[in-house]
Amino acid sequence: MKAVVFHGIGDIRLDDVPEPTIEQDTDAIVRLTSSAICGTDLHFVRGTMEGLEPGTILGHEGVGIVEQIGPGVRNLNVGDRVVIPSTIACGYCSYCRAGYYAQCDNANPNGKQAGTSFYGGPKTTGPFHGLQAEKARVPFAHVNLVKLPDSVTDEQAIMLSDIFPTGYFGADIADIHAGHTVAVFGCGPVGQFAIASAKLMHAGRIIAVDAVPDRLAMARSQGAETVNFDEEDPVETIQRLTGGIGVDRAIDAVGVDAVHAHHGPAAEDPSVKEQEQVTASIAPHARPDGANWVPGDAPAQALDWAVRALAKAGTLSIIGVYPPTDKVFPIGAAMNKNLTIRMGNCNHRAYVPKLVELVRAGVIDPVAILTRSEPLTGALDAYKAFDTRQPGWIKVELNPGQQ
């Protein structure tokens, strides 16, 4: 079968690989009808998150049809149409029972202290092959597959595999109440769903911070007040918009992308431009806009802005991805403002069933965030356009069955 395979930093390929097989009684094999590219995938290919083993199939978002089930799977049938939550859980440990599926004690074969396990991740997360492929093995399928009603399309469902639950999780742990003023730092796909989720929670005002024009336009179309950090100081602007008080809640939906984000003259440095010319045009440790990443040696720009933009006694929600090597945080400023800080990997399985029902009921249509749909065979070009933030490439679906 065809799959997008990681071979090294800056080197991904569309390879022919063996089809997956049932390995445990609780496994299922799913024929994928939809997958997607996520910013987390770019972290591995750029090298901003290390440890991905060569030969690993990328991707952690998937929708498909159940083709095989192990004898321990008692709630699914062959032919069921399903969405695959991105993080992997056993469903029966104390953490899963409490809803902390991302901290499952049993899914990660590296042990209870190893942390979140997900598809297409580094060795420390399993590893498990990813979902940018024609088929995938799903462990603990009784909990890691969620049936889809016929009225929810593949295009809607692929948004429910990761980015909508993650955005909703970010708004949820921010503890947004009706009337709150909320700032969302980063208007990529997760940031867009954080905005949408804050609206569902009846936020009074939403301020969206980014510098990519089509992302800001999408945020504005959702009713958010937009701030372009390339044109104005976002903290000063937020303070001015809130009468000098700051926002009640802030959501960091950027993560490691915001480390050492330099703008202006650095973007014109020809040596930086040359770094972009690697396989699939994904540059290790270099952003397409000329920024340089040095993970772990300085606070991420979004975190610094968020702490300074929050009102006293406000809450910071961190859902952007950071590698374990990052150790710097503006703790002094946060402590002296009495901030509450909540963060983590999304407990996808806790949110997916609820969000499926919201989509089925017509409360929200997540397809508005999906801007491109490409065949799996065009994945490398899609990665290039997504990585360099080409206009119109906010969220990219990959279709394994499309030519």
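Note that the numbering runs from 1 along the sequence shown for the chain.
Expressed to the nearest 0.5 Å, how far CG of L216 lies from CD of E225 amounts to 13.0 Å. Atom CZ of F140 is separated from atom CD1 of I88 by 9.0 Å, given to the nearest 0.5 angstrom. Note that CG of L42 is 8.5 Å distant from CD1 of I12, once rounded to the nearest 0.5 Å. With rounding to the nearest 0.5 angstrom, the CZ atom of R389 is 11.5 Å from the CD1 atom of I394. Atom-to-atom distance recorded for I319:CD1 and I173:CD1 is 7.0 Å, nearest 0.5 angstrom. Here CD1 of I84 is found 8.0 Å from CD1 of I158. Values are rounded to the nearest 0.5 Å.
Within 6.0 Å of NZ on K123 lie no more than 12 heavy atoms contributed by other residues, nucleotides or ligands. Dense packing is recorded around CG of N336, with more than 12 heavy atoms of other residues, nucleotides or ligands lying under 6.0 Å away.
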Test log, rule side chain to side chain donor-acceptor pair (under 3.5 Å), inputs D175 and T315: CA-CA 8 Å; D175 193 28; T315 297; 5.7 Å; no

Yes or no on side chain to side chain contact (heavy atoms under 4.5 Å, CB included) for E19 and I29, after CA distance, side-chain angles and deciding distance? CA-CA 9 Å; E19 292 192 2; I29 304 300; over 6 Å; no

Can F386 and E374 be said to form a side chain to side chain contact (heavy atoms under 4.5 Å, CB included), step by step? CA-CA 12 Å; F386 183 59; E374 301 292 325; over 6 Å; no

Does the pair N345 and T116 meet the rule for a side chain to side chain donor-acceptor pair (under 3.5 Å), with working shown? CA-CA 7 Å; N345 292 319; T116 306; 2.8 Å; yes

List the steps, then state whether side chain to side chain donor-acceptor pair (under 3.5 Å) holds for Q24 with T26. CA-CA 5 Å; Q24 304 291 333; T26 54; over 6 Å; no

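Proximity of a side-chain donor or acceptor of D210 to a complementary backbone N or O of C187 within less than 3.5 Å is detected. Remark: the backbone N or O of L131 is paired with a side-chain donor or acceptor of S35 at under 3.5 angstrom. Of the possible polar contacts, none joining the N144 side chain to the P85 backbone as a donor-acceptor pair under 3.5 Å is found. Judged purely by atom type and a 3.5 angstrom limit, T125 uses its side chain to pair as donor or acceptor with the backbone of P122. Checking side-chain atoms of D233 against main-chain N and O of E236 turns up a donor-acceptor pair under 3.5 Å. Put simply, the side chain of N347 gets close to the backbone of A102: a donor and an acceptor are under 3.5 Å apart. A donor-acceptor contact shorter than 3.5 Å is absent between the side chain of E134 and the backbone of L32. With hydrogens and angles ignored, the 3.5 Å screen pairs a side-chain donor or acceptor of S221 with a backbone N or O of M218. The backbone N or O of G126 sits nowhere less than 3.5 Å from a side-chain atom of S117 that would complete a donor-acceptor pair. In this structure a side-chain-to-backbone donor-acceptor pair under 3.5 Å is present from D252 to G255.
For R137, the salt bridge (charged side-chain N to carboxylate O under 4.0 Å, His left out) criterion is met by E23, D27, not counting sequence neighbours. Considering only residues two or more places apart in sequence or on other chains, F185 meets the ring-ring contact (aromatic ring centres under 6.0 Å, His included) condition with none of them. Checked against ring-ring contact (aromatic ring centres under 6.0 Å, His included), H177 has the following partners two or more places apart in sequence or in another chain: H180. With sequence neighbours left out, D25 forms a side-chain hydrogen bond (donor to acceptor under 3.5 Å, both in side chains) with no residue at all. Considering only residues two or more places apart in sequence or on other chains, E397 meets the salt bridge (charged side-chain N to carboxylate O under 4.0 Å, His left out) condition with none of them. Taking the side-chain hydrogen bond (donor to acceptor under 3.5 Å, both in side chains) definition, one finds that D172 meets it with Y351, sequence neighbours left out. Annotation: ring-ring contact (aromatic ring centres under 6.0 Å, His included) contacts of Y119 (sequence neighbours excluded): none.
The closest side-chain heavy-atom distance from Y322 to M343 is not below 4.5 Å. Counting heavy atoms from C-beta outward, D41 and C38 have side chains that approach closer than 4.5 Å. Counting heavy atoms from C-beta outward, I369 and F164 have side chains that stay 4.5 Å or more apart. Inter-residue side-chain proximity for V307 and I341 is flagged as unmet; no heavy-atom pair is nearer than 4.5 Å. Residues V367 and M159 form no side-chain contact, since every pair of their non-hydrogen atoms from C-beta on lies 4.5 Å or further apart.
Applying the side chain to side chain donor-acceptor pair (under 3.5 Å) test to residues at least two apart or on different chains, the pairs with a partner in residues 182-200 are Q192-Q222. Residue pairs meeting the salt bridge (Lys or Arg N to Asp or Glu O under 4.0 Å) criterion with at least one partner in residues 306-322, sequence neighbours excluded, are D304-R308. Residue pairs satisfying the side chain to side chain donor-acceptor pair (under 3.5 Å) criterion with at least one member in residues 359-368, sequence neighbours excluded, are listed as follows: Q156-D365, E357-R360. Every pair passing side chain to side chain donor-acceptor pair (under 3.5 Å) that includes a residue from residues 85-97 is listed here, sequence neighbours excluded: T87-H348.
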Which pairs would a plain distance check flag for residues 55-69, meaning a side-chain donor or acceptor within less than 3.5 Å of a matching protein atom at least two apart in sequence or in another chain?
{"residue": "T56", "atom": "OG1", "partner": "E53", "partner atom": "O", "Å": "2.7"}
{"residue": "H60", "atom": "NE2", "partner": "D162", "partner atom": "OD2", "Å": "2.9"}
{"residue": "E61", "atom": "OE1", "partner": "K395", "partner atom": "NZ", "Å": "3.0"}
{"residue": "E61", "atom": "OE2", "partner": "K395", "partner atom": "NZ", "Å": "3.0"}
{"residue": "E67", "atom": "OE1", "partner": "K135", "partner atom": "NZ", "Å": "2.9"}
{"residue": "E67", "atom": "OE2", "partner": "R31", "partner atom": "NE", "Å": "3.4"}

